[in-house]
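Here the structure is a predicted model, which is why all the values come from computation and not from measurement. Along the sequence shown, residues carry numbers from 1. In each ligand, atom 1 is the first atom listed, and ligand 1 is the first ligand listed.
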Amino acid sequence: LKQSQMLIPTLREVPADAEIASHKLLLRAGMARQLASGIYTYLPLALRSLHKIQAIVREEMNNAGGQELLMPAMQPAELWHQTGRWDVYGPELVRLRDRHDRSFALGPTHEEVITSLVRDEINSYKKLPINLYQIQTKFRDEVRPRFGLIRCREFIMKDAYSFDTTQEGLDRNFQAMYDAYTNIFTRVGLNFRAVEADAGAIGGKGTYEFMALCDIGEDTIAYSEEGDFAANLEKAEVVYKPAAKPETEAPAAEKLHTPGVKTIEQLTNALHIEAKQIVKSLIYRVDDKLVMVLVRGDHELNEIKLKNLYDATSVGLATEADIVSVTGAPAGFVGPVGIDSEKVEIIADNNVQDVYDGVVGANETDYHLQHVAAGRDFTVSRYADLRNITEEDTCPRTGGAIKFARGVEVGHVFKLGTKYSKAIGATFLDENGRSQPMIMGCYGIGVSRTIAAVIEQNNDENGIIWPVAVAPFHVHVIPVNVKVEEQRQTSEQITEALRKSGVEVLFDDRPERAGVKFKDADLIGLPLRITVSDKAAEEGTVEVRVRKTGETVHVKLDDITTEVKALLARVD
Ligand SMILES: O=C(C[C@@H]1CCCCN1)Cn1cnc2cc(Cl)c(F)cc2c1=O
Ligand SMILES: [Mg+2]
């Protein structure tokens with residue numbers, strides 16, 4: 001294709017609000033343009049990459065037994081009432097009314113739709129299992145869209161849904177999807193890890209997120225270098241190792257006047273103690289009840305673990321008023337000693353039980369208690385794993401060291417069970433003619449987000465460095481001076497020869513200075529760049545440059561096709 005005729009509006013400067021590499025480069029390389037916050041146009045170059053990613057997704061999904069269909073974006077509210085989700089989701093769910101004043105949602109996901117379709121069309125075990133998927137635009141009115149295509153309000157997702165008659169069947173489908181995802185992200189060229197994840201509001205258990213490793217990722221991954229343990233920090237379980245009881249018991253707890261000393265930092269400085277000797281008492285509202293959660297001063301409460309402990313719908317810090325009402329003191333001076341467990345349940349992270357000489361709030365403004373011992377001075381209704389794992393903890397699988405990484409979630413696989421099939425009424429008649437709810441799984445890939453993740457992982461100060469499999473084109477052909485007839489002709493011949501051999505070429509036929517064209521080529525980042533200069537006429541050679549390594553080879557015109565294909569085969 002001739003670049004002079006293509007819409008590739010490259011930019012020299014970066015729009016101020018683009019913070020991360022992939023966002024900057026999508027704009028600068030003329031691949032995307034924002035229509036509104038979190039809403040983007042994919043320009044021709046981006047669409048070519050998108051189509052290649054989708055082709056890989058389709059191949060692997062079809063190999064895994066998936067059947068592609070396409071569902072509507074407009075979803076009747078009734079379906080969301082049947083699953084109770086119409087009222088669960090807030091402004092993130094895009095709602096509209098049609099001309100008859102009927103309520104609809106713009107689909108953020110399609111469990112309700114697909115389950116109602118399968119309910120109506122399949123009712124015998126003989127027609128199961130089935131795995132249906134689509135690649136479609138999703139709508140989620142994110143409160144803070146950011147990072148270009150990483151977090152949009154309108155985005156492209158591949159979402160698949162499996163329906164089985166048995167748990168073993170679901171396990172098989174789940175494994176098939178897990179393997180397909182591994183193939184997809186490997187072929188796309190992403191550096192990714194599958195991590196144990198929390199199922200969140202969708203429910204079910206045994207869910208994995210596929211994380212593209214990159215520093216701007218919103219998710220934190222805990223992993224061990226030995227073995228294959230990797231988990232989203234939300235989920236990573238902490239192995240509790242009881243500490244040795246000290247020989248001597250702490251002296252009786254006593255009050256300390258600590259005016260204005262509220263935070264862990266202030267307490268450690270004022271009392272010359274370590275954070276681990278302090279017990280944080282956090283008052284949380286879990287659904288409609290108040291709970292005091294105790295966590296050691298050097299640890300972080302994990303709200304997802306708290307939520308899962310109560311199987312709650314919502315969890316959040318209590319208001320100042322709530323805190324005063326249950327403890328008599330404001331935040332910063334709150335503690336478990338003397339609390340009426342009728343008014344507020346006290347739970348604690350496992351490590352709190354080993355606090356034998358600790359500091360807690362005295363439930364009185366400007367006072368703390370020291371020499372407090374768990375069990376002696378306060379009781380806890382239950383101990384549980386409620387904190388984030390740290391690099392001091394050991395791997396729950398291998399006992400090895402724990403490391404952290406950041407990641408962008410590009411895939412998510414769930415075992416749903418019968419939550420949706422029961423709510424929507426997708427049942428099947430089993431061998432004995434008994435009606436049973438189908439057993440479901442659901443599986444998502446953020447296709448448009450994957451483009452951004454690939455760019456995030458493959459760029460340098462000059463621009464994008466496309467992996468071959470998803471590059472918009474394979475080769476950039478650039479005459480140093482397109483006004484020199486020899487150079488233009490040679491460029492066109494090369495372009496045609498390569499095209500005939502299945503190599504996709506972007507021919508920069510613009511009457512621009514060489515420097516401008518080379519800068520744009522580095523920005524757009526195709527795997528190979530062929531420069532046609534007077535050498536073509538003089539020596540019959542052209543220069544082939546590998547974008548990723550900078551490696552440059554001088555190739556005879558007759559060998560260009562074989563050389564280019566050989567380079568493309570080994571460049572990634
Ligand atoms: O989407 C899933 C689960 C899986 C992911 C893979 C493909 C199938 N769905 C979870 N989820 C996330 N955000 C949502 C946002 C809104 Cl506004 C909503 F109404 C529903 C959901 C919602 O259900
Ligand atoms: Mg997630």
Is any side-chain N of the basic residue among Arg397 and Glu196 closer than 4.0 Å to the acidic one's carboxylate O?
-> yes
Of Tyr133, Tyr89, Tyr443, the residue with the heavy atom nearest atom 16 (C) of ligand 1 is Tyr89
Under 3.5 Å: N/O of Thr109 near N/O of ligand 1 = yes
So, do Phe428 and Tyr125 have ring centers that fall under 6.0 Å from each other?
-> no
What protein heavy atom lies closest to [atom]? Include the residue and the distance to one decimal.
| atom | result |
| --- | --- |
| atom 15 (C) of ligand 1 | Glu92 OE2, 3.4 Å |
| atom 4 (C) of ligand 1 | Glu111 OE2, 3.3 Å |
| atom 11 (N) of ligand 1 | Arg140 NH2, 3.9 Å |

Tell me yes or no: between the side chains of Gln175 and Asp179, is some donor less than 3.5 Å from an acceptor?
-> yes
Test item: side-chain donor near acceptor, Glu154 and Thr137, under 3.5 Å = no
Show me which atoms of ligand 1 lie under 4.0 Å from any heavy atom of [X].
| X | value |
| --- | --- |
| Gly444 | 6 (C), 7 (C) |
| Leu93 | 17 (Cl), 19 (F) |
| Trp80 | 19 (F) |
| Asp159 | 7 (C) |

Would the number of heavy atoms belonging to other residues, nucleotides or ligands and lying under 6.0 Å from NZ of Lys305 be above 12?
-> yes
What orientation do Trp80 and Tyr89 show, parallel under 30°, tilted 30 to 60°, or perpendicular over 60°?
-> perpendicular
